2 protein chains.
Amino acid sequence: MVSTRRIGVASSETRAQLVEAAAELVRNEGWAAVTARRLTEKLGLKRQIVHYYFRTIEDLLIAVIRRDGENLRARIMQGMESDEPLRVIWEMSRRAPKSAILEFTALAAHRKAVQIEVKRYMEEIRRFQTQALTRHLERRGIKPAVPPAVMLIGIMSISQTLAVEAMLDVSEGHSEMVAFVEEMLRALAREAKVPALGAKPERKRPKVR
Amino acid sequence: MVSTRRIGVASSETRAQLVEAAAELVRNEGWAAVTARRLTEKLGLKRQIVHYYFRTIEDLLIAVIRRDGENLRARIMQGMESDEPLRVIWEMSRRAPKSAILEFTALAAHRKAVQIEVKRYMEEIRRFQTQALTRHLERRGIKPAVPPAVMLIGIMSISQTLAVEAMLDVSEGHSEMVAFVEEMLRALAREAKVPALGAKPERKRPKVR
DNA sequence: GTCTATAATCAGATAGAC
DNA sequence: GTCTATCTGATTATAGAC
């Protein structure tokens, strides 16, 4: 028995709205809040439309991961152009309190299809960051004591941990940790030899969105 | 209209079995898999018994957090007696692939009662660890370049990140990071002045369960 | 493309019998 | 302490009308 079920095209405007609404629900209430009913009552549609555009709810969640993943990658690629790429990473994770990353990571532990998508974006971003940081250090003539990957994973781990703990209202040791990282970032910036004229002692901190 | 609903005592054996079964479900399939049906079919009971022991399913999840929290605290308090408490922390987080911490942390972002419980245990453990590490450093005559809280949060952040990424099958940069941390731990151990006779150059690594 | 209609489960929760 | 019975509402998903 072959199913007669139709599936809407990926370019649909309604489909995009569903993904957008789902992304918002994940951020505010978690992946478990993403149901056909909750989604469509935000858009003023009947709930069966969800099953027209997505074979399963999991397919919809994966569309959200792709959307968020593309956005994150774009923001990071832009951020790595900065004068202090490590500081950008440091500040980007810290300012993502209502992030969907925690949601999807937890979900990935139990759903294979989700794990594959999350892995894909994490690897892509990690690889890009490592290359960008390596290039940055070479260009500035900085010879760090530790490999770029260590700086990267270190900064990212710590900033994400601080963000998650802040969400939980746990802050013991945070001020010391922040002071330490900030000092490290400053020390690294001081090491940078100015590439061209050699007469710009203070550099402005890059903006992070 | 006053409810006539009864609630079973906390000392009940069946209640303990329900909490145990729920803890297992959380570890293997996530908090969303904890339903009265799934629980009782493991125990050969009718599903209404769950509502006899727990007012709501959330109450049951909180009982699981307390159980896991007590266990974790006990293991950590024991581990901090070690010769190398930082190494114990490092290895404990790394070997917890199917941890419930990720589940409960994600859930805490959206459920106040869960957030309060998770916060409680995290703060308690953090405080104990900080004190234990501070004492340890003083006793060994180690004067570290950074505050104990920074070492603690740093090691914990990195080990948890590596564990989560390993679960996702992401491993880029892990070997460099592991090598770096291991070297740091070795350097710290070397700094330790032997307290009494001063003739034990190599120390065995502590076992972690 | 969106709707109505419907199937088939599953969920949490409560009352009351034994 | 555990059961039967029941309420009430949720869920994903499919088929077919318009």
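What you see below is based on every heavy atom in this structure, not just the backbone, and it leaves out hydrogens, waters and symmetry mates. In what follows, chains carry the letters A, B, and so on, assigned in the order in which the sequence lines appear, proteins first and then strands, with residues in each chain numbered from 1. Keep in mind that what you see is a predicted model, and the values were worked out from it rather than measured.
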Please report the distance, rounded to the nearest Å, between [atom1] in [X] and [atom2] in [N].
X     : N      : atom1 : atom2 : answer
B:K46 : C:dA11 : NZ    : P     : 15 Å
B:L39 : C:dA13 : CG    : P     : 13 Å
A:Y53 : D:dT12 : OH    : C1'   : 19 Å
B:I49 : D:dA5  : CD1   : P     : 16 Å
A:W31 : D:dT12 : CH2   : P     : 11 Å
A:Q48 : D:dC18 : CD    : P     : 16 Å
A:I57 : C:dT9  : CD1   : P     : 19 Å
B:E41 : C:dT9  : CD    : C1'   : 14 Å

Considering the options A:L133, A:I89, A:V88, which one meets the side chain to side chain contact (heavy atoms under 4.5 Å, CB included) requirement together with A:I155?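 It is A:I89; the other options fail the test.
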Please check the phosphate of [N] (OP1 and OP2 only) for any side-chain N or O of [X] closer than 4.0 Å.
X     : N      : value
A:T35 : D:dT11 : yes
B:T14 : D:dT2  : yes
A:S3  : D:dA15 : yes
A:R55 : D:dA13 : no

Choose from [options] the nucleotide whose nearest atom is closest to any side-chain atom of [X].
X     : options                : result
B:L45 : C:dG16, D:dC3, D:dT12  : D:dC3
A:Y52 : D:dT12, C:dT2, D:dA13  : C:dT2
A:R38 : C:dA15, D:dT11, D:dA13 : D:dT11
A:T4  : D:dG1, D:dG16, C:dT4   : D:dG16

Any side-chain heavy-atom pair of B:F180 and B:M184 under 4.5 Å: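 In short, these two side chains touch, coming nearer than 4.5 Å.
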Between B:I62 and B:F54, is any pair of side-chain heavy atoms under 4.5 Å apart?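 Result no, sub-4.5 Å side-chain heavy-atom pair not found.
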Pick the closest DNA chain D nucleotide for B:R47 and for B:R15 by heavy atoms, then say which residue is nearer the 5' end.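 So the residue in question is B:R15.
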Look at all strands and tell whether A:S12 reaches a base, only sugar-phosphate, or nothing, counting heavy atoms closer than 4.0 Å.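 The residue A:S12 makes no contact with any strand.
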Less than 4.0 angstrom from a charged side-chain N to a carboxylate O is my criterion; do A:E183 and A:R190 meet it?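 Between A:R190 and A:E183 there is a salt bridge, with a charged N closer than 4.0 Å to a carboxylate O.
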Looking at A:R6 and C:dT2, is any side-chain donor or acceptor paired with a base atom of the opposite kind under 3.5 Å?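 When only heavy-atom distances are counted, A:R6 does reach the base of C:dT2 through a donor-acceptor pair under 3.5 Å.
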Heavy atoms of other groups near A:K46 NZ, more than 12 under 6.0 Å: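 It does not: A:K46 NZ has 12 such atoms or fewer within range.
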